[in-house]
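First comes the structure, then the notes that go with it.
Sequence lines set the chain letters: A, B, ... in the order given, protein chains first and strands last, and positions in each chain run from 1.
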Protein chains: 2
Amino acid sequence: MTVTLADVAARARVSPATVSRVLNGNYPVAASTRERVLRAVDDLDYVLNGPASSLAAATSDLIGILVNDIADPFFGIMAGAAQTEIGGPGDGSGRAGGEKLAIVCNTGGTPERELTYLTLLQRQRAAAVVLTGGAVEDPAHQAAVSAKLAKLADAGTRVVLCGRPPLADNTSVVAALAFDNRGGGRRLTEHLLSLGHRDIGYVAGPVERTTTRHRLEGHRDAMKAVGIVGDEDRLTVHGSYDRRSGYDATVELLRREPGITAVVAANDTVALGATAAIRDRGLRIPEDISVAGFDDLPFSVDVVPALTTVRLPLFEAGARAGRLATGKEAPPPGGIATIAAELMVRGSTAPPRG
Amino acid sequence: MTVTLADVAARARVSPATVSRVLNGNYPVAASTRERVLRAVDDLDYVLNGPASSLAAATSDLIGILVNDIADPFFGIMAGAAQTEIGGPGDGSGRAGGEKLAIVCNTGGTPERELTYLTLLQRQRAAAVVLTGGAVEDPAHQAAVSAKLAKLADAGTRVVLCGRPPLADNTSVVAALAFDNRGGGRRLTEHLLSLGHRDIGYVAGPVERTTTRHRLEGHRDAMKAVGIVGDEDRLTVHGSYDRRSGYDATVELLRREPGITAVVAANDTVALGATAAIRDRGLRIPEDISVAGFDDLPFSVDVVPALTTVRLPLFEAGARAGRLATGKEAPPPGGIATIAAELMVRGSTAPPRG
DNA sequence: CTGTTAGCGCGTTCAT
DNA sequence: ATGAACGCGCTAACAG
């Protein structure tokens with residue numbers, strides 16, 4: 001019932017092998033026969049059997065992109081950019097030629113799902129895997145991921161890290177593009193300090209995530225550099241990377257220390273929740289309390305007042321990861337590149353009152 | 001070099017078929033042998049060969065979710081919700097058992113890529129396909145998509161539409177969950193009219209998209225109902241569904257008619273751009289100009305003033321689509337369900353001045 | 001409950 | 001430049 005390569009061969013009056021050669025375009029084929037074959041393909045509306053093809057060739061053209069939260073533009077932007085580089089423009093026929101195809105896998109930030117998807121991609125003999133965003137720092141999980149990635153690499157899968165720190169053993173990774181979260185976090189807090197703030201609350205992301213830790217370390221480095229120490233734990237509240245969490249954490253922060261003059265949030269989305277909490281309390285931004293975010297997502301410039309934040313070149317990084325995954329671009333020296341984070345000063349931060 | 005099912009069978013001292021049976025869990029197997037087999041699997045670190053498995057079984061456990069723009073939370077929320085229902089919790093081992101696996105495919109809103117991905121999923125013998133968001137109205141493309149979906153359905157793939165209108169021939173579709181974009185658009189404009197607005201500009205989405213057309217029709221229906229006609233085209237500017245486009249279109253709108261007292265945007269993201277354009281012009285929201293969006297994305301409640309918009313239950317719809325795709329939920333009568341849109345009145349709309 | 005036997009549809013040697 | 005034959009790794013009958 002479903003038309004196979006043999007059917008096409010029969011109609012084109014050639015051998016199955018020839019059809020295969022035409023379709024893959026790897027071997028020389030006479031122009032006339034190629035023509036006949038292609039017409040037969042169209043006539044019969046033939047679609048290659050992917051599993052059969054992958055089985056015989058021991059490879060596939062799938063490239064998996066793992067993201068922690070697909071509803072978060074932070075990941076969407078990177079994944080979309082990567083996919084733009086990978087997918088190619090298509091040939092307009094919808095025939096799905098030889099180009100690679102990117103698929104996005106949403107781990108929800110959980111270690112189990114991350115491993116499950118890696119196994120799936122291993123099963124599918126994926127051509128490449130791109131892991132985006134921060135990693136969970138649980139040692140057992142990191143070891144499991146490293147082992148899995150090593151196996152993928154052994155099987156010929158190109159592994160790329162985007163916005164994620166290198167592995168302890170990074171040899172199985174083609175390239176690791178790490179964001180300078182620590183540096184960005186430090187500069188952001190330095191900005192606040194330079195405005196005169198001393199009592200700064202920090203709404204952190206989930207514990208045990210590299211992104212959370214690095215941003216927080218940057219913040220604390222800056223504080224320490226000017227001699228503000230001892231209150232770190234009291235002025236830090238952890239939560240997840242969403243608006244709601246930002247709201248709740250800020251409420252808690254203001255309860256613990258009503259005297260804070262600035263709130264630094266784990267990212268822009270969290271900052272949005274923080275601003276809501278501050279306003280609901282009847283305070284103004286930035287007159288009463290300054291607020292800062294991280295990432296510089298598209299909406300950040302449009303909120304009122306515009307959000308001071310740290311810009312991460314998400315699109316560029318994702319695109320580069322895509323090129324690395326397809327081998328279009330040479331890996332950086334040592335397989336590791338650090339991507340700079342740029343401070344964006346806007347209206348949500350100002351000197352403290354008095 | 002790579003370990004196969006036969007290797008596992010040898011080590012467990014059973015036949016390959018038995019190994020297959022315990023892995024798929026479809027046939028009865030003695031507890032003791034199952035135990036042996038599973039240990040052998042772990043010992044050898046065996047990973048099923050997906051292509052071989054799919055080839056032999058003529059099906060796969062992949063479920064494709066097509067989205068127009070993965071960087072847009074509108075799609076991210078739906079895709080994430082669908083995937084939550086599809087993916088199952090995983091078994092914690094990362095072994096990737098029998099459950100279905102959702103993969104997200106980013107079409108970028110282009111017809112070619114949409115067809116390319118459908119072909120890919122057809123190749124992979126996908127278990128189901130979920131198409132999210134509005135469709136392009138080009139007749140040729142619609143015919144091509146319909147034909148492709150019919151073929152997928154023939155091959156046993158379950159096709160679900162989420163946030164997309166039913167096909168002309170909807171028989172190959174398990175279920176179409178359509179948003180009431182027209183009703184939502186109408187109620188939104190009725191709200192503005194009831195506040196006293198008469199000069200309302202409309203920043204529309206891309207032409208030739210069902211979502212764009214339906215929302216716009218709802219708006220015009222409401223205008224027509226109170227006898228405001230004749231100026232539709234002049235007070236409508238089309239653009240893409242992003243912030244930048246909303247900004248530019250609003251600038252153009254204000255150029256054409258500086259007297260407008262309200263701007264209705266194609267969606268919340270576009271509305272964000274519109275507010276920026278209005279503010280840059282030195283006008284206040286809502287005192288000088290009211291602004292309204294559509295979708296009620298998470299950030300909309302946090303912008304200042306909070307955005308009046310139309311709430312679409314994106315998460316719920318996506319989750320339902322996921323259940324429909326996996327067969328966990330029975331399709332609605334006739335395979336078509338309309339999902340209600342709820343007006344959310346907030347601070348960005350107010351009576352016009354004077 | 002378990003082993004045996006055939007393919008699934010294609011890519012890839014080898015020939016020619 | 002093309003054809004013939006083999007096998008990729010697994011599942012699905014069919015026995016037993």
Please list, chain by chain and in numerical order, all residues satisfying side-chain contact (heavy atoms from CB on, under 4.5 Å) with [X], sequence neighbours excluded.
X	answer
A:A147	none
B:A127	B:I63, B:K100
B:T59	B:A57
B:T110	B:E112, B:R113

In a table with atom names and distances, give each donor-acceptor pair under 3.5 Å that connects a side chain of residues 128-137 of chain B to protein atoms at least two apart or in another chain.
from	atom 1	to	atom 2	distance (Å)
B:T132	OG1	B:L66	O	2.7
B:E137	OE1	B:R213	NE	2.8
B:E137	OE2	B:R213	NE	3.0
B:E137	OE2	B:R213	NH2	2.7

Item to complete: Measure the angle between the two terminal helix axes of the helix from C:dC1-D:dG16 to C:dT16-D:dA1, five base pairs each, and quote it to 10°.
Response: 20°

Worksheet entry | salt bridge (charged side-chain N to carboxylate O under 4.0 Å, His left out): pairs with one or both residues in residues 10-26 of chain B, sequence neighbours excluded | B:R11-B:D43

Worksheet item: Among all residues two or more places apart in sequence or in another chain, which pass the salt bridge (charged side-chain N to carboxylate O under 4.0 Å, His left out) test with B:R164?
Response: B:E114

Fill in: Residue list, salt bridge (charged side-chain N to carboxylate O under 4.0 Å, His left out) with A:R320, at least two apart or on another chain
A:E329

Polar-atom pairs under 3.5 Å, protein N or O versus N or O of nucleotides 11-15 of chain D: list them with distances, or write none.
from	atom 1	to	atom 2	distance (Å)
D:dT11	OP1	B:N24	ND2	3.1
D:dT11	OP1	B:S53	OG	3.4
D:dT11	OP2	B:S20	OG	2.7
D:dT11	O5'	B:S20	OG	3.4

Fill in: Residue mapping more 5' on DNA chain C - nearest nucleotide basis, B:R125 or B:V14
B:V14

Worksheet entry | Rounded distance in Å - CZ (A:R13) to C1' (D:dG3) | 15 Å

Worksheet item: With A:T171, which residues qualify under side chain to side chain donor-acceptor pair (under 3.5 Å), at least two apart?
Response: A:D169

Discussion item. Just verifying a value: how many Å separate A:C105 SG and A:L120 CG, rounded to the nearest 0.5 Å?
Written reply: 6.0 Å

Worksheet entry | Terminal contacting nucleotides, 5' and 3', DNA chain C versus chain B (heavy atom, 4.0 Å) | C:dC1 to C:dG9

